[in-house]
There are 2 protein chains.
Amino acid sequence: MNDKIRCIREKMKLLNLQGLIISNPVNIRYILGLDVEGTILITDKENIFITDARYIEEVNEFLTINDEFVIYDAKDLSDVDNYYFFQDCENVGFEEYYVTFSNYENMIRKYRIKSFEETDKIVEKIRMIKDEEEIKNIEKACKITDKCFNYLINYIKIGMTEREIAFEIEKFFIENGADSLAFETIVASGENSSKPHARPTDKVIRYGDPITIDFGAKVNGYSSDMTRTVFAGCILDEIRELYNLVLKVQQKSIKCMKEGIPCKTVARDAENELYIYNYSLIHALGHGVGLDVHELPIISHNSKFSFKENMVVTSEPGIYIPGKYGIRIEDTLRIGRLEPEVLTKSSKEIIIVDKK
Amino acid sequence: MNDKIRCIREKMKLLNLQGLIISNPVNIRYILGLDVEGTILITDKENIFITDARYIEEVNEFLTINDEFVIYDAKDLSDVDNYYFFQDCENVGFEEYYVTFSNYENMIRKYRIKSFEETDKIVEKIRMIKDEEEIKNIEKACKITDKCFNYLINYIKIGMTEREIAFEIEKFFIENGADSLAFETIVASGENSSKPHARPTDKVIRYGDPITIDFGAKVNGYSSDMTRTVFAGCILDEIRELYNLVLKVQQKSIKCMKEGIPCKTVARDAENELYIYNYSLIHALGHGVGLDVHELPIISHNSKFSFKENMVVTSEPGIYIPGKYGIRIEDTLRIGRLEPEVLTKSSKEIIIVDKK
């Protein structure tokens with residue numbers, strides 16, 4: 001049977017679920033290894049993928065007999081076929097964080113479900129631990145990101161706009177083998193860098209600006225996520241101090257990310273470290289990275305998860321001085337059996353671009 | 001009061017709703033005119049926008065006293081404050097096509113809602129009719145799209161890949177004043193053009209290929225949507241016939257899009273026209289265009305809507321011969337009082353690119 005389905009079936013037993021409906025397209029991509037539209041039904045008898053004419057051929061070609069999946073075209077299924085799928089299932093699970101209220105009602109009606117149960121991210125929790133192939137894809141995405149950063153160091157000049165730089169990143173990714181951006185790139189310069197989620201604007205890079213670049217590539221569906229803050233022409237002493245503090249907190253947090261350590265412990269330590277200097281961390285310290293650029297586990301002071309081998313996560317502390325500037329440094333890393341392995345390897349030294 | 005809220009309040013009366021919760025970010029963008037995260041509560045007493053620290057300043061600066069909105073930072077609201085909002089509302093509406101089951105349950109708990117009612121796209125239906133400013137933005141997006149098409153006619157050469165062309169479109173849009181792409185561009189050449197939703201691949205444009213380009217720009221949040229099929233080097237006679245048939249059906253359908261005519265009538269006429277020649281229309285004839293590139297009304301054989309002045313919609317018939325090629329022609333147009341006004345004005349003559 002498909003490895004991922006086997007794993008989901010084990011969790012289903014623990015939750016006393018005889019059936020499960022998977023609607024979230026990212027979870028479907030995870031299970032099938034294919035980017036196709038449809039719904040997965042796991043019943044007491046079969047693994048089923050219901051799709052439409054556009055995808056039938058591709059799915060049939062891709063899946064093997066070992067996947068043990070039965071594929072249907074939705075339009076070939078009668079009401080009676082649909083009633084039949086879960087007829088012997090007492091409890092059927094659904095994705096309450098993805099399914100809209102309208103779809104929830106439709107599914108109960110369509111499949112005549114007796115007891116429809118919330119599953120609290122059953123698949124997303126399995127997705128936290130990456131297998132070999134997933135890690136390979138993330139590594140590739142991280143490599144392209146590093147290569148792009150090396151290129152940017154020489155590319156960025158005073159007088160360019162944030163949008164120009166963001167666009168150049170996308171171009172570089174596409175030309176260097178990425179599928180696409182993993183997320184909308186942040187290029188935030190000068191006072192814009194004080195907003196953690198700033199979008200690239202037509203603001204021009206000025207002498208003395210810090211430039212926060214938060215970017216990532218997608219390879220075979222898997223993301224990288226890296227942030228570097230570089231400086232245009234020069235760096236002010238007060239900012240240099242800030243930079244070194246953020247870097248110290250980031251490096252320390254990475255060292256603490258080890259099998260068995262609760263995520264909240266590492267997040268709280270980083271928060272405390274900044275607090276000593278009168279700064280507060282206004283966002284989570286980090287998050288899981290995979291098919292979604294933000295996925296479980298969240299690494300924040302109230303996270304319920306602990307680090308486990310082959311989780312891939314970020315550490316991204318930042319300091320933001322409203323209306324003035326901000327500094328953030330972020331890496332993507334794999335939790336190892338002993339030490340974490342940092343997958344984004346770009347320099348974290350203070351980098352001055354367009355130095356005359 | 002904010003015009004859009006006034007309109008929504010009128011509809012609420014008809015539905016016997018004393019309160020409404022708006023969660024869909026596109027609907028919030030529509031009402032406030034701003035791209036910010038949060039939730040709108042319409043109660044029997046007030047219009048409320050609940051957001052967070054990131055947006056408070058921007059929202060307060062942008063909205064005027066005439067909007068009659070009360071702005072809250074979510075973290076300043078106690079449980080009691082939340083209970084209070086809908087305390088005198090018998091029926092409160094929510095967006096059942098947007099709200100997840102998990103959020104549905106949270107809202108009932110948080111706001112102590114007595115009777116939580118489905119609203120069947122109450123805001124999306126109002127969004128079907130565009131005001132002057134919305135039309136201006138769509139017109140701008142259509143102009144950039146036309147300009148880009150003119151550029152592409154000379155740019156596209158045999159030997160380029162679909163991805164290269166798609167990327168050039170994005171670059172052109174950004175450099176010519178668009179916010180972004182309205183949607184992921186389709187560039188589908190040769191046999192790929194037989195798939196209506198093909199994504200750009202590394203396939204190279206060959207002599208004789210039809211190239212279907214389905215693309216649109218976003219300006220101030222509003223989209224354009226246009227498709228042209230051009231030909232690399234030459235056009236086969238059998239394809240020329242097909243092209244002329246699609247064009248005839250498209251032009252006829254546009255003429256029929258008039259105030260008061262049911263959308264399904266126009267869609268069925270187009271389907272029948274193709275059917276006479278043994279082709280079937282395998283997707284809807286068209287759709288509304290606005291803040292979403294696909295919005296109400298859907299123009300298909302079972303649409304429940306009729307055309308009304310200042311709807312902005314597409315007409316996009318296509319013929320697809322599996323494994324061989326496809327032709328689609330699409331325009332964005334505004335329904336007028338008498339005649340529709342086509343907003344994308346690019347030539348629909350047969351265009352041969354890279355003609356030696």
Side-chain angles (χ1 to χ4, degrees), chain A residues 21 23-24 35-37 52-55 57-58 93-108 116-121 161-168 170-175 177-181 184-185 194-202 280 282-283 320 322-323, chain B residues 21 23-24 35-37 52-58 75 93-108 116-121 161-164 166-168 170-175 177-181 184-185 194-202 282-283 320 322-323:
Chain A
I21 301 181
S23 323
N24 181 339
D35 216 352
V36 290
E37 288 176 28
D52 64 62
R54 291 174 294 168
Y55 302 108
E57 207 181 309
E58 192 180 353
F94 73 104
E95 296 167 303
E96 75 276 12
Y97 289 99
Y98 180 80
V99 170
T100 63
F101 183 80
S102 165
N103 277 337
Y104 165 84
E105 297 238 295
N106 283 343
M107 290 195 292
I108 287 183
F116 212 21
E117 301 289 333
E118 303 180 27
T119 52
D120 197 16
K121 307 202 174 174
T161 68
E162 294 170 354
R163 294 235 289 188
E164 265 177 274
I165 299 168
F167 196 74
E168 192 69 16
E170 185 169 2
K171 194 170 152 225
F172 188 96
F173 280 165
I174 303 290
E175 289 174 355
D179 307 341
S180 65
L181 293 175
E184 212 192 324
T185 300
S194 78
K195 296 176 210 145
H197 299 283
R199 287 189 195 153
T201 69
D202 289 321
S280 57
I282 61 174
H283 51 68
Y320 310 94
Chain B
I21 301 181
S23 324
N24 181 338
D35 216 352
V36 289
E37 288 175 30
D52 64 62
R54 290 174 295 166
Y55 302 109
I56 287 278
E57 206 181 308
E58 191 180 353
K75 77 168 170 22
F94 73 104
E95 296 169 303
E96 74 277 13
Y97 289 100
Y98 180 79
V99 170
T100 64
F101 182 80
S102 165
N103 277 337
Y104 165 84
E105 298 239 293
N106 282 343
M107 290 194 293
I108 288 183
F116 213 21
E117 301 288 333
E118 303 180 28
T119 52
D120 198 16
K121 306 199 177 177
T161 68
E162 295 170 354
R163 294 234 292 186
E164 265 176 273
F167 196 73
E168 193 68 16
E170 185 169 2
K171 193 169 154 225
F172 188 95
F173 280 165
I174 303 289
E175 288 174 356
D179 307 340
S180 64
L181 295 174
E184 212 193 323
T185 300
S194 77
K195 296 176 211 147
H197 298 283
R199 288 189 195 153
T201 69
D202 289 320
I282 61 172
H283 51 68
Y320 309 94

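Residue numbers start from 1 in every chain, and the chains themselves are labelled A, B, ... in the order their sequence lines are given, proteins ahead of strands. Nothing here was measured: the structure is a model prediction, and the numbers come from that model.
In this view, F172(B) and Y151(B) satisfy the ring-ring contact (aromatic ring centres under 6.0 Å, His included) rule, not counting sequence neighbours. Listed by chain and number, the residues in a ring-ring contact (aromatic ring centres under 6.0 Å, His included) with H283(A) are Y320(A) (sequence neighbours excluded).
Of the listed residues (K171(B), H197(B), K195(B)), the greatest number of heavy-atom pairs within a distance under 4.5 Å of chain A belongs to K171(B). The most heavy-atom pairs under 4.5 Å with chain A, out of E118(B), E170(B), E175(B), come from E170(B).
At a 4.5 Å heavy-atom cutoff, the contact between Y97(A) and chain B is made by backbone and side-chain atoms alike. Contacts of D179(A) with chain B are made by backbone atoms alone, with heavy-atom separations under 4.5 Å and no side-chain atom involved.
Of the inter-residue distances, the one linking R163(B) atom CZ with S180(A) atom OG reads 8.5 Å to the nearest 0.5 angstrom.
F167(B) and F167(A) have parallel rings, their planes meeting at less than 30° on a 0 to 90° scale where 60° marks the start of perpendicular. Ring geometry for F101(A) versus F94(B): interplanar angle over 60°, hence perpendicular rather than tilted (30 to 60°).
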Exercise. Start with the C-alpha distance between E96(B) and T100(A), add both sets of side-chain angles, then the distance that settles side-chain contact (heavy atoms from CB on, under 4.5 Å), and finish with yes or no.
Key: CA-CA 6 Å; E96(B) 74 277 13; T100(A) 63; over 6 Å; no
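Taking 4.0 Å as the cut-off between side-chain N and carboxylate O, R199(A) and D35(B) count as a salt-bridged pair.
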